[in-house]
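I have placed the structure first, in the form of structure tokens, so that the comments after it can refer back to it.
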Amino acid sequence: MPELPEVEVVRRGLAAATTAARIRAVDVVDERALKRHPGDALDFVDALEGRALAAPSRRGKFLWLPLREPDGAARERALVAHLGMSGQLLVRPVGADDERHLCIRMRVDGPGGEHELRFVDQRRFGSLAVDALVPPVDADPAHPGERLPTQVRRIARDPLDPRFDDRAFRALLRGTDRGIKAVLLDQRAIAGIGNIYADEALWRTRLHWAQPARTVSTRKANELLAAVRDVFVQALAEGGTSFDDLYVNVNGESGYFERSLQAYGRAGEPCARCGRPLVREPFANRSSFRCPRCQRLRGR
DNA sequence: ACGGACTCCTGGATGC
DNA sequence: TGCATCCAGGAGTCCG
């Protein structure tokens, strides 16, 4: 399931394959993939055909490729992608067989010749859109050129962004009674974390998912941020986490960080620290995995 | 205003 | 064996 490391793997793959590529033709096979696009399919195709793609950017789990006019002029618009839980962006040879859940196909002509950039999505929570680029609400005066798609403006910076504000995040924790995991998953508070990496970071920090955020000490908050960054960097180095082939890189290959997971999906298996069997608990219509000994509610 | 519940969707796994 | 139900999840929306 694509969280920050998986989306970053895809971004890097796209950077190599599509930067400076020109879009020759766009075929919308399933219009439901355009649910975040402000216009219809015709408008989507029209906004892309003939334009070139600039180097891809990412914030949290959102990915976008700025568009250039045929004369090379920058356009304040971008092709925006969100993979949802099963979306894939694939670079394929022209005319390769259609994937079963192919939603959008784009023929692109780049430095490496002609390819197809395809958006494939089994569970259809993902989307492509053409969206305007605007200055971020948290713009840094030292970097006035930064631009974000409008639909990404409400998303916080992610913890690998050098301009992520640790201090502001700690203040946010002090100001809410929500459980710590709910805050980690709130993309307006900190971006890029989903259910898997939330559980991994909490396990590493020995925090219970329901621990009220305001009771997390400054020291623990710093440990938690460090754990989130560590787990992201490690997962990135291992190509991301793949379950049942739903997440793959642009060449269709799985990552292997699943082998390194210590908490997520491991109910009944012994905790790698203390040996107690991990438990699975319902949380916000999904699951949380934790060690009942290492990760207890504190200060109640 | 805040936070929790609900919604979109598909197919693999599970249960009777 | 076959049908029904459950479950997974990001982020927008809705409601108390």
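Residue numbers begin at 1 in each chain, while the letters A, B, ... track the order of the sequences. All of these numbers come straight from a predicted model, not from anything done at the bench.
A donor-acceptor pair is defined here as one N or O able to donate and one able to accept, closer than 3.5 Å; no such pair exists between the side chain of A:R290 and the backbone of A:L278. The closest donor-acceptor contact from the side chain of A:Q151 to the backbone of A:R36 lies under 3.5 Å.
With rounding to whole Å, A:I190 atom CD1 is found 13 Å from C:dA11 atom P. In this structure, the CZ atom of A:F283 is 13 Å from the C1' atom of B:dA5, given to the nearest Å. We find that CZ of A:R100 is positioned 9 Å from C1' of B:dT10, with the value rounded to whole Å. Between the CD atom of A:Q151 and the P atom of C:dG10 there is a distance of 17 Å, given to the nearest Å. Per the geometry, CG belonging to A:L63 stands 13 Å off P belonging to C:dA11, to the nearest Å. Distance A:D121 CG to C:dA11 P: 13 Å, rounded to the nearest Å. Regarding A:Q187, its CD atom lies at a distance of 9 Å from the P atom of C:dG12, rounded to whole Å. One can place CG of A:L83 at 14 Å from C1' of C:dA11, the figure rounded to the nearest angstrom.
Proximity of A:H101 to the phosphate of B:dG11: a side-chain N or O atom is located under 4.0 Å from OP1 or OP2. In this structure, A:R124 reaches the B:dT10 phosphate: one of its side-chain N or O atoms is under 4.0 Å from OP1 or OP2. Contact annotation: A:Q122 does not reach the phosphate of B:dG11 (side-chain N/O to OP1 or OP2, under 4.0 Å).
Once rounded to the nearest 0.5 Å, the distance linking CD of A:Q187 with CD1 of A:I193 reads 7.5 Å. Separating the CH2 atom in A:W209 from the CG atom in A:L185 is a distance of 11.5 Å, to the nearest 0.5 Å.
Within 6.0 Å of atom CZ in A:R154, 12 or fewer heavy atoms from other residues, nucleotides or ligands are found, so the atom counts as exposed in its surroundings. Within a 6.0 Å radius of CZ in A:R273, other residues, nucleotides and ligands contribute more than 12 heavy atoms.
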Report all interatomic pairs (protein N or O, nucleotide N or O of nucleotides 5-9 of chain C) with separations under 3.5 Å.
| residue | atom | partner | partner atom | Å |
| --- | --- | --- | --- | --- |
| C:dA8 | OP1 | A:R280 | NE | 3.4 |
| C:dA8 | OP1 | A:R280 | NH2 | 2.5 |
| C:dA8 | OP1 | A:S287 | OG | 2.7 |
| C:dA8 | O3' | A:Y264 | OH | 3.3 |
| C:dA8 | N3 | A:R123 | NH1 | 3.2 |
| C:dG9 | OP1 | A:N195 | ND2 | 3.3 |
| C:dG9 | OP1 | A:Y264 | OH | 2.1 |
| C:dG9 | OP2 | A:N195 | ND2 | 3.2 |

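Listed by first and then second residue, the ring pair (Phe, Tyr, Trp, His ring centres under 6.0 Å) pairs involving residues 23-66 of chain A are A:H37-A:F44, A:F62-A:H82 (not counting sequence neighbours).
In the helix from B:dC2-C:dG16 to B:dC16-C:dG2, the end axes, each obtained as the rotation axis mapping the C1' atoms of four pairs onto the next four within a five-pair block, lie 60° apart to the nearest 10 degrees.
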**OP:** Would you check, one step at a time, whether the test salt bridge (charged side-chain N to carboxylate O under 4.0 Å, His left out) holds for A:R204 with A:E200?
**Re:** CA-CA 6 Å; A:R204 290 177 181 219; A:E200 292 305 302; 5.1 Å; no

**OP:** Applying salt bridge (charged side-chain N to carboxylate O under 4.0 Å, His left out), run through A:R59 and A:D138 and close with a yes or a no.
**Re:** CA-CA 13 Å; A:R59 180 185 278 216; A:D138 56 355; 3.5 Å; yes

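Judged purely by distance below 3.5 Å, without hydrogens or angles, the side chains of A:R170 and A:T218 never pair a donor atom with an acceptor atom. Side-chain atoms of A:S260 and A:E238 form a donor-acceptor pair, as typed in the model, at a separation below 3.5 Å.
For A:E69, the side-chain contact (heavy atoms from CB on, under 4.5 Å) test picks out A:R51, A:D71, A:A73, A:R75, with sequence neighbours left out.
Across residues 175-186 of chain A, A:T176, A:R178 each have a non-hydrogen atom less than 4.0 Å from an atom of DNA chain B (numbered order). Contacts between residues 31-45 of chain A and DNA chain C, defined by a heavy-atom separation under 4.0 Å, are made by A:R36.
Between A:V216 and A:K220, the closest heavy-atom pair is CG1-CB, 3.6 Å.
Checked against A:E99 for a side chain to side chain donor-acceptor pair (under 3.5 Å), the options A:R92, A:Q122, A:R105 give a single hit: A:R92.
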